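Below is one structure, written out as structure tokens, with a few remarks after it.
Everything numeric here is computed off the predicted structure, so don't read it as measured data.
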Amino acid sequence: MEKKIEYTNGEIAIIWKPELCKHAGICVKMLPKVYRPKERPWVLPENATTEQLIAQIEQCPSGALTYLMNRKL
């Protein structure tokens, strides 16, 4: 079963699949205040806008980062 770790800012859920990650570093280069690999949790989605997060996730070369928009109740 594929491991998935989810991080959310309430509006968007970032899904990280560690087995797919190639550690290209694009996430850290594009949004260093969000992706902090030496910290835990290492993804802090509250440090960027949803639009910034989507733009960065779409650049992930391995597909290890994806997202889902959270539904409004």
Between the CD atom in Glu11 and the CD atom in Glu46, the distance rounded to the nearest 0.5 Å is 13.5 Å
hydrophobic_cluster_shared for Val28 and Trp16, side chain cutoff 4.5 Å: yes
For a quick test of reading the model, state the closest non-hydrogen atom pair linking Ala55 to Met30 and the distance between them. O-CE, 4.3 Å
When you group the ILVMFWY residues by side-chain heavy-atom contacts below 4.5 Å and let the links chain together, are Val43 and Ile54 in the same group? yes
Would you call Leu65 and Gln56 a side-chain contact if the rule is heavy atoms closer than 4.5 Å? yes
Locate the shortest heavy-atom distance separating Pro37 from Arg40; write the atom from each residue and the value. O-NH1, 2.9 Å
Mind listing the closest non-hydrogen atom pair of Val34 and Ala48 along with its distance? CG2-CB, 3.5 Å
Please find the pair of heavy atoms, one from Cys21 and one from Ser62, that lie closest to each other, and give the distance. CA-OG, 3.9 Å
Cluster check Leu44, Leu68: I/L/V/M/F/W/Y, side chain < 4.5 angstrom: no
So, does Thr50 use its side chain to make a donor-acceptor pair with the main chain of Ile12 at under 3.5 Å? no
Report yes if the side chains of Asn47 and Leu31 come closer than 4.5 Å at any heavy-atom pair, otherwise no. no
Should Lys17 and Glu2 count as an ion pair when the cut-off is N to O under 4.0 Å? yes
In this structure, NZ of Lys3 is separated from CG of Leu20 (nearest 0.5 Å) by 13.0 Å
Does any N or O in the side chain of Glu39 come within less than 3.5 Å of the main-chain N or O of Arg36, such that one atom is a donor and the other an acceptor? no
Would you confirm whether the ring centroid of Trp42 sits within less than 6.0 angstrom of the ring centroid of Tyr35? yes
Here the gap from Ile14 atom CD1 to Tyr67 atom OH, rounded to the nearest 0.5 Å, amounts to 11.0 Å
As a quick check of understanding, evaluate side-chain contact (heavy atoms from CB on, under 4.5 Å) for Ile15 and Ile57, giving each step before the final call. CA-CA 10 Å; Ile15 301 159; Ile57 291 166; over 6 Å; no
d(Thr66 OG1, Glu58 CD) to nearest 0.5 Å is 11.0 Å
